[in-house]
J.: 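I have a structure here, written as structure tokens, and I will follow up with some questions on it.
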Amino acid sequence: MQLWLIPLLPLAGFLINGILGRRLPKSLINAVAIGSVVLSFGWVLKTLFGLDLNTAHTEHYFTWIQSGTLSIGCDFSVDRLTAVMLLVVTGIGSLIHIYSIGYMAHEGGYYRFFAYLNLFMFFMLVLVLGANYLVLFVGWEGVGLCSYLLIGFYFDKKFATNAGNKAFIVNRVGDFGFSLAMFYIFRTFGSLDFATVFGQTAGASEATLTMIGLLLLVGACGKSAQLPLYVWLPDAMAGPTPVSALIHAATMVTAGVYMCARSFPIYTHAPAAMNAIAVVGIATAFFAATIGLAQTDIKKVFAYSTVSQLGYMFVGVGCGAFSAGIYHLMTHAFFKALLFLGSGSVIHALSGEQDMREMGGLRTKIPWTCWTMFCASIAIAGVPLTSGYFSKEAILAAANQHAPWMFWLGTITAGMTAFYVFRAWCMTFLGTYRGHHHPHESPPSMLVPLAILAVLSIAGGLLFKIPTFLATFFPEHEVPEDFTLTLIASSAGIIGILLAFLIYGFKPSIADAFARAVKPLYTFVYNKYYVDELYDNVIVKPVVNGSRVVLWKGFDAGLIDAIVNGTGTRARNLGSVLRLIQSGNIRSYATWVLLGSLGVIAVIVGIASSGGMR
Amino acid sequence: MHASAGFFSPVDLVRFLPEIILTVVGTFLMVLDPILHKRSSHAFGHLSLLALIAAMGGSIYAYTEPGKSFNDMLVVDGFATFFRVLVIGVGIFTVLLSYRFLEREDAETSEYHALLLFSVAGQCMMAASNDLIMIFIGLEISSISSYVLAGYLRDDKRSSESALKYFLLGSFATAFFLYGVALIYGSTGSVNLSEVRRIITGPDVPSPVFIGLAAALMFVGLGFKVSAAPFQMWAPDVYQGAPTPVAAFLSAGPKAAAFAIFLRIFTTAFEPMSIAWQPVVFGGAAVLSMTIGNFAALLQSNVKRMLAYSSIAHAGYLMVALTARDNGTPAAMFYLVAYAFMNIGAFAVVAHLSGKGERYQTLDDFAGLAQKQPLTAAMLTIFMLSLIGVPLTGGFFGKFYIFKAAIESKMVWLSVFGLLNSAVGAFYYLRVLVMMYMHEPSKASSEVEPLPWGLGTALVLPAIATLFLGIFPSWVLDFARSATLLK
Amino acid sequence: MDGIPISWFLTLSAILFALGVAGFLFRRNIITVFMSIELMLNAVNLSFITFSYKLQKVDGHLLAFFVMVVAAAEAAVGLAIILTVFKNRSTLNIDDIDTLKN
Amino acid sequence: MNLAAAFQMLSVLVVPLIGFIAAMCVPRSRPQNSRSLALVMSLLAFLDSLQLISKFDRTQGGEQFVLDLTWIPSVDIHFATSVNGVSLWLIVLTTFLTPLCVLVSWNSIQSRVKEFYAFLLLLEFGLVGVFLAQDLFLFYVFWEVSLVPMYFLVGIWGHDRRIYAAVKFFLYTMAGSMLMLVAIIYLYLQAHTFSYTKILEMLSRGDLSFTAGEQMLLFLAFFVAFAIKVPLFPLHTWLPDAHVEAPTAGSIMLASVMLKMGTYGIMHFCVPLFPRSAHTCAPWIAVLAIIGIIYGALVAMVQPNMKKLVAYSSVSHLGFVVLGIFSFSQAGMDGAVYQMLNHGISTGALFAIVGLLYERRHSLEIKDFGGVATVAPWLSTAFLITTLASIGLPLLNNFVGEFLVLQGTAMEHYQWTIYASIGVILSACYMLWLYQRVFYGEVNPEVRSHISDLIPREWAVVIPLVVMMVWMGVYSQSFLPTVGKVTALVLEQSKINVPERVQIHGPRAGSMEAANAR
Amino acid sequence: MDVILFLIFATIAVVCAINVVVQTHPISSALSLVGVMGSLAVLYLLLGAEFIAAAQVIVYAGAIMVLFIFVIMLLNAGAEVKKGQSTMALFLGVPLLAGLLIVMCWYLQSWFPIGTTVHFGGFQSTAPHTGPLAQSGGSAHEVGIALFTRYLLPFEVTSVLILIAILGAIVLARKEID
């Protein structure tokens with residue numbers, strides 16, 4: 001079915017734009033960039049319709065790495081899970097590409113931006129399509145690279161490049177776990193192919209599988225910004241907003257969820273690892289949500305929200321509700337992409353302003369943006385019948401079955417989510433304008449994607465019933481419908497919304513008063529619990545300074561080189577002692593001759609006479 | 001032996017041919033001195049060159065009649081021929097080196113060349129002697145002419161001091177050697193090496209201790225001549241003070257001859273007795289020589305002096321070969337050839353650069369030579385690399401062969417020590433290269449005159465030979481191996 | 001006592017040799033130093049002659065003879081060298097002849 | 001002996017030598033001629049080596065193009081050369097990089113041009129020789145011969161502290177190779193031949209055997225010489241100095257090829273000759289390699305000088321190679337070889353581009369740069385790709401090597417992999433930080449006025465390197481099969497005389513063992 | 001008788017030799033050296049070395065020592081000036097020398113315990129008598145025969161040595177003699 005065409009189209013776009021882009025007119029760049037992604041989307045649709053998705057469809061292209069018994073092919077495969085991911089990636093991707101035309105219109109490095117985006121699409125599709133862990137890893141690393149490049153898109157800004165580095169390096173920590181997991185998988189199963197590996201999981205020991213599962217979780221934590229590796233994602237907002245929408249909300253960050261779901265045969269045999277996923281997920285969800293409550297940068301709010309929502313997905317996967325996790329992955333892609341794009345539109349309108357304290361009252365000035373974002377907000381808050389409602393309910397139901405405390409924590413988090421999203425919405429669109437720019441509505445190229453996404457955010461949950469679609473794919477036990485739980489969870493969301501309206505819509509002073517009342521706590525949360533500072537002081541600085549002072553100056557220069565040079569110095573010292581002997585005085589030379597002769601005599605005579613005694 | 005015959009046969013004369021040629025021409029030069037005008041001073045050089053070439057031919061011709069002659073005083077064997085050719089070769093290069101030098105220093109040429117020829121003749125005798133008294137006389141002929149040559153620039157303070165030191169200490173050491181000869185005579189009743197060996201291996205073995213005492217005393221004398229530690233003290237002072245061509249000569253010719261004697265006496269004549277102590281004594285001397293030579297050279301700023309220390313170090317390597325006894329003999333022979341070439345070449349460059357009155361001898365004077373005279377610098381590079389022991393040079397193969405012999409004789413520790421020592425040595429040889437290639441030209445190298453033909457030949461030929469020995473060592477090696485001693 | 005033990009001669013020889021060495025080491029005048037060498041050679045000669053007697057062979061005499069010749073030759077050259085040194089430095093103190101060093 | 005094939009092989013060796021001699025004959029006043037000559041000769045050698053590839057029988061694991069001429073009969077030294085699936089690629093790497101070095105030096109070398117190119121070609125000769133030699137003596141000869149031109153390249157055309165660096169480099173290597181010489185001689189005296197193949201045969205037949213102690217000492221003597229060259233921690237301190245001070249071409253050849261002499265030596269000589277000792281020492285060596293990986297990366301991170309940073313990164317990368325070899329697994333060895341080639345390409349490219357930057361800015365200090373990406377986008381792109389290759393991004397070459405090494409190591413010693421993988425994290429830290437500081441950020445006015453983008457000659461340097469990075473990353477099958485045949489042999493040989501060693505287990509067995517362990 | 005002669009001349013030799021070493025003026029040393037040589041000549045006679053004894057007196061004590069004294073006079077060498085340099089020679093030299101002497105004497109004593117003893121006329125020529133007197137083994141006749149047969153080559157070669165000595169002396173001292 002020529003699956004290779006799906007990722008290769010964006011790659012071609014990347015190459016064309018990347019190599020020639022500087023000389024091409026913008027329209028051509030647009031055509032190439034968007035064309036390639038849209039074509040790819042089309043090809044995905046064509047492929048999926050042409051396939052029987054009940055069995056995995058695998059294509060082998062060439063052997064990538066071979067060494068002895070180790071043989072890794074460049075293989076792609078499509079099954080139901082892949083299908084969902086492909087659609088989400090190419091679909092949302094296409095929308096965001098279109099959106100970017102408007103958003104990036106006035107930015108430098110236009111061609112570069114689209115080239116990177118296309119490259120991202122390529123890697124993301126490879127990630128999704130890969131039929132073995134290593135090909136998945138290719139995409140995994142590749143999207144990380146694109147994320148790095150796009151976060152640091154404004155490369156003359158120190159904070160942007162810092163954020164890029166941070167993203168890449170923290171991801172590397174995750175990859176460390178992922179690659180160790182791969183090594184362990186190969187060591188255990190002798191292959192990295194999904195089919196081969198998963199076919200053998202039943203026979204493998206639980207300990208081994210738990211080990212693999214936990215290592216994979218480390219990888220997933222890095223990519224999907226879970227505790228304790230979430231720190232890069234908020235900083236990643238330094239990139240252009242479409243990037244935040246595409247990579248850091250809709251697609252790339254969900255790769256961890258995808259990978260865990262993909263590895264379900266391993267996890268189902270390793271309950272401890274699954275439990276770990278769920279715990280990490282719920283903890284992240286709650287933790288990030290609390291931070292989100294206090295942020296004032298609009299994108300930061302949504303960033304923490306993303307971290308939090310990813311936590312939900314992990315809870316889903318960890319509780320065995322894989323399809324629920326994927327469901328939430330999809331709906332989240334809709335509404336979070338929309339939130340980001342919407343905030344992008346706001347920022348665009350305000351010529352780059354991101355601080356919500358400088359906004360307000362934009363409802364009239366940019367109505368399209370305002371109302372599309374409202375749709376997204378109610379979706380994420382889990383207002384019944386919106387897309388977020390379905391997926392979140394599914395996850396919470398599974399959590400309840402898994403461990404009730406997770407349900408309760410999840411519900412509280414849902415309330416907080418609703419609160420901070422609407423806090424942001426209110427601060428942005430209600431009240432009076434506090435800034436000093438001249439807000440203007442965005443061009444249609446931006447508004448059309450917003451509109452489409454708004455529709456999807458509201459209706460996506462109903463339109464695409466992922467649990468049903470994936471029912472045959474994942475071996476899930478049925479979660480009984482429990483109306484009470486649904487009620488509790490949705491009311492938590494609605495309470496959050498109301499509270500937000502109450503405080504930020506009508507009486508913003510309450511918020512200030514409250515903040516003043518719990519000043520230390522507020523500052524603590526506002527500063528994200530000082531986690532960045534903690535990492536900086538506990539890990540980064542000691543490593544860097546230790547390397548400089550102890551390893552380089554101390555060990556390398558101070559010890560090894562000192563020994564080496566010291567050998568030289570000692571040789572010279574010996575030389576200078578020998579020079580002293582060479583006094584130039586004939587009589588002293590003669591004395592040495594005498595000394596030497598006596599020595600030789602002593603030795604020879606000594607040996608000869610001891611031989612003689614024999 | 002039919003020693004009763006008081007006279008000698010024509011064969012005896014053939015076997016003594018090189019020495020005859022050299023002494024006759026040497027005398028002839030003295031006679032010629034008043035006849036030839038001083039301006040045509042090159043004539044003496046040409047003549048002695050011819051004489052040396054003839055003597056080389058003579059020594060090869062003599063080898064067509066191998067055997068002992070003059071009542072066993074002399075033996076012409078492969079070994080003797082090898083060393084004769086070697087020392088004559090050294091003589092040839094010394095003559096070539098000296099043309100420009102003598103001209104520059106405005107020195108008498110006839111006596112210089114005569115002395116040189118006599119000295120070479122003495123060394124040839126040493127190489128071919130089979131009798132301690134002949135060895136002694138050959139040694140003295142070689143040494144006394146060397147003393148004079150070292151002090152040849154009699155108005156030069158350094159030269160005369162060098163001569164005095166060489167002379168006094170040399171005589172001092174010779175006295176030890178002589179005492180050793182006396183003790184050998186006393187214990188074996190003969191000073192003929194074949195005889196000595198026969199007696200030592202025979203039924204009436206004299207006291208090994210007494211022989212050992214004699215050997216120790218002789219070791220002092222010979223160790224001095226080869227500048228092996230702990231008798232090396234004179235070498236740096238003498239080499240530094242002596243005129244550079246003479247220093248080149250001293251570091252190669254007498255050394256080679258003295259090693260020939262070492263081999264003849266210690267590994268042949270004393271063989272059954274020396275097995276016990278040779279490794280210790282020679283090994284000890286080797287270790288000391290290598291260490292002292294290499295480490296003291298590290299700090300030298302005068303290149304001649306540095307080369308002197310280097311020659312001490314190389315004596316140490318040769319001592320390693322001697323420690324390895326039979327295995328080491330061909331190795332030592334090969335090494336001496338390689339060493340002679342590279343050392344003469346190195347001294348030739350010093351002679352070339354140092355200018356009138358030998359002003360420029362320090363390392364700094366070599367700065368930038370590569371820019372001013374790339375050919376000279378390239379040649380010196382070859383010599384230095386060979387002295388370091390970099391492959392494809394004679395020096396490397398020599399070292400390789402020596403340490404192979406040492407390991408063969410189960411002296412791995414000595415090899416490791418020696419080779420690590422040569423890594424130390426690499427440092428100071430590299431300094432010369434550093435100076436030549438990596439610094440801006442000094443006054444000396446800016447003023448350096450174009451390469452005269454004699455010096456040029458004495459540079460290029462050894463360079464070629466050094467490379468040749470490194471790439472095709474078989475020639476010399478096979479000869480050295482076949483030229484094992486007549487026992 | 002019937003004759004003189006050989007070892008007496010040899011010991012005398014050794015003593016003279018040692019005194020020669022001592023002269024070399026302790027005297028400062030170059031000429032005296034040189035004379036010490038002659039003393040050492042004489043000591044060696046005594047050994048040669050003594051051994052010759054012991055072995056009842058004449059070779060030792062020849063050796064001693066050659067040593068004398070060598071000594072003579074050395075004396076001529078040595079003294080000439082001492083002359084040039086004196087001319088250059090106007091001193092005969094051996095300790096002053098140490099400009100070449102280190 | 002196939003003469004035509006042997007001739008083909010020899011021509012790769014001889015062409016640079018002819019080039020060297022010819023370069024020496026070019027008049028000093030015509031530097032342009034020297035450059036062109038060097039380019040032509042090095043390209044010729046490259047084409048020759050391509051011919052070699054085409055004639056190479058990929059189905060064979062053993063030595064090919066075997067040539068054996070008696071050189072010094074009296075000591076039984078032979079001019080014995082041949083090519084196997086590993087040395088083939090190393091030779092091609094050498095001949096591939098030399099023309100690039102010529103191009104890179106085109107303008108940057110202005111003094112003593114003639115000698116520079118002569119030495120460069122001589123260096124190529126020596127390096128090719130090292131990889132060809134099958135006679136231990138010959139190997140040693142080439143080993144040392146390659147040292148001399150490099151010494152001059154660093155010492156004459158280097159930067160401020162070039163002399164210190166050159167001498168240090170020379171002495172360090174010399175000290176090690178002296179030990180190797182002793183070992184070679186010792187081996188010869190035991191085996192009565194210098195022929196590597198014969199010695200191996202004798203070992204396998206049991207005609208030649210060593211006591212454990214003997215073998216250990218011999219192994220260490222060889223290993224130390226190679227380890228210095230690699231350089232293995234803690235024998236690495238010559239490397240940063242030599243790299244920083246060397247001219248660009250010198251750095252490229254040094255890092256890309258000369259370091260491989262060490263790892264090639266370990267794999268080609270140390271392991272097959274002394275398998276028991278190799279196995280005994282493997283844990284210790286692996287520890288050193290892992291320390292090197294982490295240590296090199298950490299120290300690289302804090303370097304203020306670009307070349308020094310890259311130099312320390314080499315310490316880290318070469319640690320992987322050594323680790324791979326001493327994992328004694330097929331994948332590990334394959335990965336080690338592949339990593340040698342990868343490092344050759346990617347570090348060569350790093351040095352080349354750093355050299356281009358130096359040519360423009362006359363500084364190597366990172367703080368003197370900033371914002372280069374703005375003024376020289378293509379240069380920056382090239383460096384970015386190289387950086388990514390260097391930190392092991394998939395689809396670029398290093399990834400394949402690192403993956404194989406780590407996977408191979410994991411098959412045998414999983415805990416080693418854990419520590420070694422930390423190096424992968426750290427490599428991203430130092431390289432990206434470097435990239436950020438040099439290429440990103442505000443354009444510094446000095447940078448703006450000095451730095452321009454690539455010119456065609458520089459494109460010619462960069463493009464082949466980038467192409468190779470991608471090729472080797474995407475389609476490793478062009479290279480790995482021949483390598484695998486050789487490493488399989490090496491593994492086979494390394495099992496001789498190692499009765500106590502557990503047989504190398506397949507993946508299934510590994511899983512059982514792992515399962516039992518838990 | 002022989003013993004007494006030996007003891008007398010040995011004592012003279014040793015005392016004179018010590019005098020050579022302790023005298024600071026070279027002339028005194030030289031004269032003491034002549035004394036040593038003279039007494040050695042007597043001991044040579046005792047050992048039957050007639051020819052060498054004569055040569056000792058003529059060549060050594062005569063020619064060579066005269067040369068020495070000439071040079072001393074020529075250079076007007078005075079008593080040496082003591083400068084505290086090279087104390088090493090003294091500190092190391094004395095014990096070393098004592099060591100050397102003890103070792104030598106010890107071995108000589110132990111190696112020639114009694115064996116042959118020397119008495120005057122104990123070394124007779126083995127060759128058939130050709131003259132009226134019994135020939136000593138070290139007579140000019142015996143030495144001469146050996147010199148021109150067995151030792152012909154060294155003998156001839158010594159001429160070169162003498163030649164070098166002359167040449168060397170000329171080369172080095174020419175200016176002074178001019």
Side-chain angles (χ1 to χ4, degrees), chain A residues 18 22 62-70 74 134 137-142 145 148-149 152 155-158 160-162 164-165 168-169 172-173 175-176 179-180 182-184 186-191 204-205 207-208 211 543-548 551-552 555-557 559-561 564 568, chain D residues 168 172 234 236-238 240 295 298-299 301-303 329-331 334-335 371 373-374 377 388 393-395 399-400 403-404 406-411 414 417-418 421-422 424-425 428-429 432-433 436 439-443 474-477 480-481 484 487-488 506-508 510-511 514-515 518:
Chain A
R22 204 199 310 221
F62 58 88
T63 305
W64 180 24
I65 300 174
Q66 168 146 36
S67 157
T69 54
L70 183 150
C74 179
L134 205 65
F137 191 70
V138 171
W140 185 272
E141 286 279 296
L145 163 70
Y148 161 79
L149 291 172
F155 58 73
D156 48 349
K157 303 278 189 296
K158 186 96 192 317
T161 52
N162 275 347
N165 281 355
F168 200 96
I169 289 162
R172 272 268 154 151
V173 178
D175 299 345
F176 166 74
S179 48
L180 285 178
M182 281 199 298
F183 301 142
Y184 212 92
F186 190 86
R187 183 183 155 95
T188 312
F189 302 107
S191 173
S205 80
T208 307
M211 167 104 172
V543 168
V544 171
N545 292 333
S547 301
R548 179 178 293 123
L551 293 184
W552 180 35
F555 193 75
D556 217 60
L559 188 67
I560 304 180
D561 245 17
V564 172
Chain D
K168 192 171 176 183
Y172 238 112
H236 63 275
T237 57
W238 64 270
Y295 178 89
L298 285 175
V299 178
M301 197 160 63
V302 294
Q303 294 305 315
S329 63
Q330 176 78 48
D334 283 0
T374 313
L388 296 173
L393 203 82
L395 297 192
F399 174 75
V400 180
F403 171 76
L404 282 173
L406 292 173
Q407 182 67 69
T409 311
M411 303 297 281
Y414 191 74
T417 318
I418 299 174
S421 298
I422 296 173
V424 181
I425 303 179
C429 298
L432 291 181
W433 196 24
Q436 181 193 15
F439 292 91
Y440 289 162
E442 300 274 346
V443 189
V474 174
Y475 197 67
S476 62
Q477 285 305 294
L480 274 178
T487 50
R508 278 312 288 177
S511 75
R518 258 149 237 289

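Here is the naming used below: chain letters follow the sequence lines, and residue numbers restart at 1 for every chain.
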J.: For chain A, which candidate among D:Gly371, D:Gly408, D:Cys429 shows the most heavy-atom pairs at distances under 4.5 Å?
T.: D:Cys429

J.: Pick one of side chain, backbone, both or neither for A:Val564, based on which atoms fall under 4.5 Å of a heavy atom in chain D.
T.: side chain

J.: Between atom CH2 of A:Trp64 and atom CG of D:Leu395, what is the distance when rounded to the nearest 0.5 Å?
T.: 5.5 Å

J.: Under 4.5 Å, counting heavy-atom pairs only, tell me which of A:Lys157, A:Arg22, A:Lys158 racks up the most with chain D.
T.: A:Arg22

J.: Measure A:Tyr148 against the heavy atoms of chain D and call it side chain, backbone, both or neither at under 4.5 Å.
T.: side chain

J.: So what's closer than 4.5 Å to chain A heavy atoms on D:Leu404: side chain, backbone, both or neither?
T.: side chain

J.: Can you say whether A:Asn545 sits under 4.5 Å from chain D via the side chain, the backbone, both, or neither, judging by heavy atoms?
T.: neither

J.: In terms of heavy-atom pairs under 4.5 Å with chain A, which of D:Ser476, D:Pro240, D:Gly335, D:Pro481 leads?
T.: D:Ser476

J.: Any side-chain donor-acceptor pair under 3.5 Å between D:Thr237 and D:Tyr172?
T.: yes

J.: Which atoms of A:Ile65 are under 4.5 Å from chain D, going by heavy atoms: the side chain, the backbone, both sets, or neither?
T.: both

J.: Do A:Thr63 and D:Gln477 get their side chains close enough for a donor-acceptor pair, meaning under 3.5 Å?
T.: no

J.: Quick one: of A:Asp175, A:Asn162, A:Leu149, who has the most non-hydrogen atom pairs under 4.5 Å with chain D?
T.: A:Asn162

J.: Once you round to the nearest 0.5 Å, how far does CD of A:Glu141 lie from CG of D:Leu393?
T.: 5.5 Å

J.: Tell me, for A:Leu145 versus chain D, whether the close heavy atoms (under 4.5 Å) come from the side chain, the backbone, both or neither.
T.: side chain

J.: Taking the side chain as every heavy atom from C-beta outward, state whether D:Ile418 and A:Phe176 have any atom pair closer than 4.5 Å.
T.: yes

J.: For a 4.5 angstrom cut-off between non-hydrogen side-chain atoms, does D:Val302 reach A:Leu551?
T.: no

J.: Using a 4.5 Å cut-off on heavy atoms from C-beta on, say whether the side chain of A:Val543 contacts that of D:Met301.
T.: yes

J.: Any heavy-atom pair between the side chains of A:Phe137 and D:Phe403 that's under 4.5 Å?
T.: no

J.: Looking at D:Gln303, D:His236, D:Glu442, which one has more heavy-atom pairs under 4.5 Å with chain A than the rest?
T.: D:Gln303

J.: Heavy-atom cut-off 4.5 Å, strictly under: side chain, backbone, both or neither for D:Val474 against chain A?
T.: both

J.: Tell me whether A:Ser205 contacts the main-chain N or O of A:Thr208 through its side chain, where contact means a donor paired with an acceptor under 3.5 Å.
T.: yes

J.: For each of A:Val544, A:Asp556, A:Thr161, tally heavy-atom pairs with chain D at distances under 4.5 Å, and name the one with the top tally.
T.: A:Asp556

J.: For D:Leu388, is it the side chain, the backbone, both, or neither that has a heavy atom closer than 4.5 Å to a heavy atom of chain A?
T.: side chain

J.: Can you find a heavy atom in the side chain of D:Lys168 that is under 4.5 Å from one in the side chain of A:Asp561?
T.: yes

J.: Can you tell me which portion of D:Ala488 sits under 4.5 Å from chain A's heavy atoms? Options are side chain, backbone, both or neither.
T.: neither

J.: Do D:Tyr475 and A:Phe62 make the cut of ring centroids closer than 6.0 angstrom?
T.: yes

J.: Under 4.5 Å from any heavy atom of chain A, what part of D:Leu432 do you find: side chain, backbone, both or neither?
T.: both

J.: Please state whether the side chain, the backbone, both or neither of A:Leu134 comes within less than 4.5 Å of a heavy atom of chain D.
T.: side chain

J.: Looking at A:Ser547, A:Ala557, A:Gly139, which one has more heavy-atom pairs under 4.5 Å with chain D than the rest?
T.: A:Ser547

